[in-house]
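Data block below; observations after.
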Amino acid sequence: MRKRLTLAVVLSVFAGTLVLAQGGRGQGGRGQGAGQPAAAVAPDSARVAALKDEAIAEIDRMKDFTQQMVDQIFSYGELGFQEFETHRYLVDLLRQNGFTVEENVAGIPTAFMASWGSGKPVIALGSDIDGIPQASQKPGVAYHDPIVAGGPGHGEGHSSGQAVNITAALVLKKIMEREKIPGTIRIWPGTAEELVGTKAYFVRAGLFKDVDVVLFSHVDRNLSTSWGDQGGTGLVSVEYTFKGESAHSAGAPWRGKSALDAVELMNIGWNFRREHLPLSHRSHYVVTRGGDQPNVVPPTASVWYYFRQTTYDGIKEVWGIGDRIAAAAALMTDTTLLPTRVLGSAWPRHFSQPVAEAAHANIQRIGLPEWSEDDQLFARAVQKELGVREQGLATRLSNLGGPVALANNRGGGSDDIGDISWNVPTITLRYPANIPGLPGHNWADSIAMATPIAHKGATAGAKAQALTMLDLFLEPELVQAAWTYFKDVQTREQQYQPLIRPEDKPAIDLNRDVMARYREEMKKYYYDPTRYKTYLEQLGIQYPTVKK
Ligand SMILES: [Zn+2]
């Protein structure tokens with residue numbers, strides 16, 4: 001182990017020296033020091049500035065196209081690994097627009113890699129596409145009112161990010177064709193992000209091997225980006241299955257060995273241990289199989305854990321504790337712990353400083369969307385309904401986010417974009433398509449996602465994405481600076497090792513049963529843009545619908 005580490009460090013230093021020697025020029029214009037303002041970004045040349053103006057105007061003209069994508073994917077409301085309608089729609093749309101698309105990448109039926117252009121640099125745009133269980137909700141209605149009761153929906157807003165990326169990509173494609181700008185645009189989906197189920201497999205399959213920079217986009221409440229170690233956690237998602245022996249629960253209970261007892265004892269053990277884990281850790285579980293019926297001693301039972309921590313080593317540590325508690329629960333019940341199943345994983349995130357600074361300069365140029373009175377009225381009504389501060393929608397841009405020191409990171413959510421960010425310079429563009437103050441992973445987070453709030457937010461996001469792509473395609477020194485930062489700063493002391501084990505495979509069976517249960521009913525509500533201008537119009541919803 002020590003030997004391997006030493007070799008890795010030597011290799012990293014060596015690689016860093018090489019890049020420094022070649023890429024010294026790249027250290028020039030873009031800002032470097034921690035917390036330095038984005039003013040460190042060099043001003044655009046006249047040509048770049050003119051192309052940026054053109055891209056902004058073109059994206060404004062494409063706002064109906066963007067809105068249709070947002071509404072279409074919202075109406076599918078599909079759960080992770082079952083995004084078949086969304087997949088078909090995106091693949092067809094990209095092919096119609098001149099992209100070549102490879103389907104079924106990394107052995108995942110709802111994952112693809114689309115490509116247009118040729119040569120360097122290769123800029124890959126990603127965004128998640130999956131929804132949340134039981135989050136079905138009528139858009140534009142400021143209280144809980146499902147489209148399909150009990151059904152899934154876009155209770156985080158992953159319905160909006162592909163529109164951001166595709167609108168930006170099509171504008172860039174047009175400009176690059178005319179101006180004969182070399183480079184390749186890739187577009188890919190964050191399949192099953194709510195299960196953090198795919199991006200480690202994308203990395204394993206080598207999908208980013210020739211990529212220079214990844215521009216990820218994610219729904220948020222403001223237009224912003226950040227660099228360095230991010231707050232929040234990484235995680236490993238593990239299912240524990242116990243095997244016991246069935247018996248008549250009343251007639252011969254002493255002959256039974258309850259797998260459910262093992263699940264319950266594991267959970268009790270974990271909940272006692274929780275007090276003695278670092279404050280930055282988070283963990284939670286659901287019982288995925290608890291037995292069949294009470295008069296049969298459960299011969300099999302399963303529990304599914306998320307173990308979160310702020311570092312890779314920390315994740316491995318809590319995972320190890322989980323494994324030991326599971327083994328102990330099996331001992332207590334004379335059951336057998338079957339080989340564990342890893343259902344997903346995510347590295348803690350680290351984003352590229354040079355790319356984030358360039359993106360932030362573009363964000364300042366674009367600003368926030370102009371919200372209407374109706375948008376603000378609607379947002380405040382949702383906030384009132386949820387009992388949170390009635391602050392309305394964001395009207396001031398966020399600052400550029402910087403690194404979060406480990407000691408100050410109190411944990412929180414995860415995103416498997418972390419895995420990609422440790423393999424290629426990456427940033428996440430957050431765009432203002434949702435309402436502040438929502439709980440996340442909830443029907444309330446669906447409410448704005450097919451309304452003018454999401455439409456305007458996606459258009460603003462597309463502008464930011466397009467402008468940063470222009471920077472990357474027209475200024476080779478920015479790509480070079482991104483790699484210098486990646487090699488000399490980000491990965492100097494920490495290198496990527498996957499959390500998924502060699503034997504693990506994408507959990508493509510997840511959510512199959514739930515989607516099968518609701519899909520027929522949901523189909524009645526798929527958006528038809530040939531008949532309706534907006535999804536609100538199709539559903540006959542007056543925007544905004546608020547309680548009197
Ligand atoms: Zn997300």
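Computation of the quantities below employed the complete heavy-atom set of this structure, encompassing side-chain atoms and omitting hydrogens, waters and symmetry-equivalent molecules. Residue numbers count from 1 along this sequence. For clarity, every value in this text was computed on a predicted model and none was experimentally measured.
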[Y] backbone acceptor or donor facing [X] side chain under 3.5 Å:
{"X": "His248", "Y": "Ala250", "answer": "yes"}
{"X": "Thr110", "Y": "Gln82", "answer": "no"}
{"X": "Asp130", "Y": "Leu79", "answer": "no"}
{"X": "Thr198", "Y": "Ala192", "answer": "no"}
{"X": "Asp261", "Y": "Thr333", "answer": "no"}
{"X": "Thr545", "Y": "Gln542", "answer": "yes"}
{"X": "Asp71", "Y": "Thr534", "answer": "no"}

Tell me every residue that passes side chain to side chain contact (heavy atoms under 4.5 Å, CB included) with [X], counting only those two or more places apart in sequence or in another chain.
{"X": "Ser280", "result": "Pro278, Gln309, Thr310"}
{"X": "Ser115", "result": "Thr100, Thr184, Arg186"}
{"X": "Ala301", "result": "Ala259, Leu260, Val263"}

Do you know the tightest heavy-atom contact between [X] and [Y]?
{"X": "Val203", "Y": "Asp419", "answer": "CG2-O, 4.0 Å"}
{"X": "Thr428", "Y": "Thr225", "answer": "O-OG1, 2.8 Å"}
{"X": "Ile453", "Y": "Asn434", "answer": "CG2-N, 4.2 Å"}
{"X": "Ser217", "Y": "Gly161", "answer": "OG-O, 3.5 Å"}

Under the ring pair (Phe, Tyr, Trp, His ring centres under 6.0 Å) rule, what pairs show up with a residue in residues 431-465, not counting sequence neighbours?
His144-Trp443
Please list, chain by chain and in numerical order, all residues satisfying ring-ring contact (aromatic ring centres under 6.0 Å, His included) with Tyr312, sequence neighbours excluded.
Trp347
Just by distance, with hydrogens left out, do [X] and [Y] show a side-chain donor and acceptor under 3.5 Å apart?
{"X": "Ser283", "Y": "His281", "value": "yes"}
{"X": "Gln162", "Y": "Ser127", "value": "no"}
{"X": "Asn165", "Y": "Gln465", "value": "yes"}

Which is it for Ile427 and Leu215 under the side chain to side chain contact (heavy atoms under 4.5 Å, CB included) test, yes or no, and what are the steps along the way?
CA-CA 5 Å; Ile427 62 163; Leu215 299 178; 3.7 Å; yes
Ring centers of [X], [Y] separated by less than 6.0 Å:
{"X": "His87", "Y": "Phe112", "result": "yes"}
{"X": "Phe208", "Y": "Trp188", "result": "yes"}
{"X": "Tyr76", "Y": "Tyr526", "result": "yes"}
{"X": "Trp270", "Y": "Phe307", "result": "yes"}

Taking side-chain hydrogen bond (donor to acceptor under 3.5 Å, both in side chains) as the cut-off, I'd like each qualifying pair that reaches into residues 444-454, sequence neighbours left out, listed once.
Arg221-Asp445
So Thr468 and Leu429, side chain to side chain contact (heavy atoms under 4.5 Å, CB included) or not? Walk me through it.
CA-CA 10 Å; Thr468 306; Leu429 170 77; over 6 Å; no
Please report the C-alpha distance between Arg512 and Asp509 in whole Å, then the side-chain angles of each, then the deciding distance to 0.1 Å, and finally whether the side chain to side chain contact (heavy atoms under 4.5 Å, CB included) criterion is met.
CA-CA 6 Å; Arg512 199 174 276 159; Asp509 56 311; 4.0 Å; yes
In sequence, state the C-alpha distance, the side-chain angles, and the governing distance for Arg501 and Asp504, and then conclude on salt bridge (charged side-chain N to carboxylate O under 4.0 Å, His left out).
CA-CA 5 Å; Arg501 305 162 301 185; Asp504 292 320; 2.9 Å; yes
What residue among Pro152, Ser136, Ser75 forms side chain to side chain contact (heavy atoms under 4.5 Å, CB included) with Met522?
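Between Met522 and the candidates, side chain to side chain contact (heavy atoms under 4.5 Å, CB included) is satisfied uniquely by Pro152.
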Among Tyr306, Tyr305, Trp319, Trp304, which residue satisfies the side-chain hydrogen bond (donor to acceptor under 3.5 Å, both in side chains) criterion with Ser237?
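When Tyr306, Tyr305, Trp319, Trp304 are each tested with Ser237, the side-chain hydrogen bond (donor to acceptor under 3.5 Å, both in side chains) holds only for Trp304.
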Evaluation steps, salt bridge (charged side-chain N to carboxylate O under 4.0 Å, His left out), between Arg519 and Glu78:
CA-CA 9 Å; Arg519 193 178 294 279; Glu78 295 175 300; 2.6 Å; yes
One thing to verify: whether Glu103 and Arg88 come together as a salt bridge, which I'm taking to mean a side-chain N less than 4.0 angstrom from a carboxylate O.
yes
Carboxylate-amine/guanidinium contact Asp513 Arg517, below 4.0 Å:
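Between Arg517 and Asp513 there is no salt bridge, as every charged N stays at least 4.0 Å from the carboxylate O atoms.
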Parallel, tilted or perpendicular, as decided by the 30° and 60° cut-offs, for the rings of Tyr527 and Tyr535
perpendicular
Residues Val238, Leu343; criterion side chain to side chain contact (heavy atoms under 4.5 Å, CB included); working and verdict:
CA-CA 6 Å; Val238 190; Leu343 299 177; over 6 Å; no
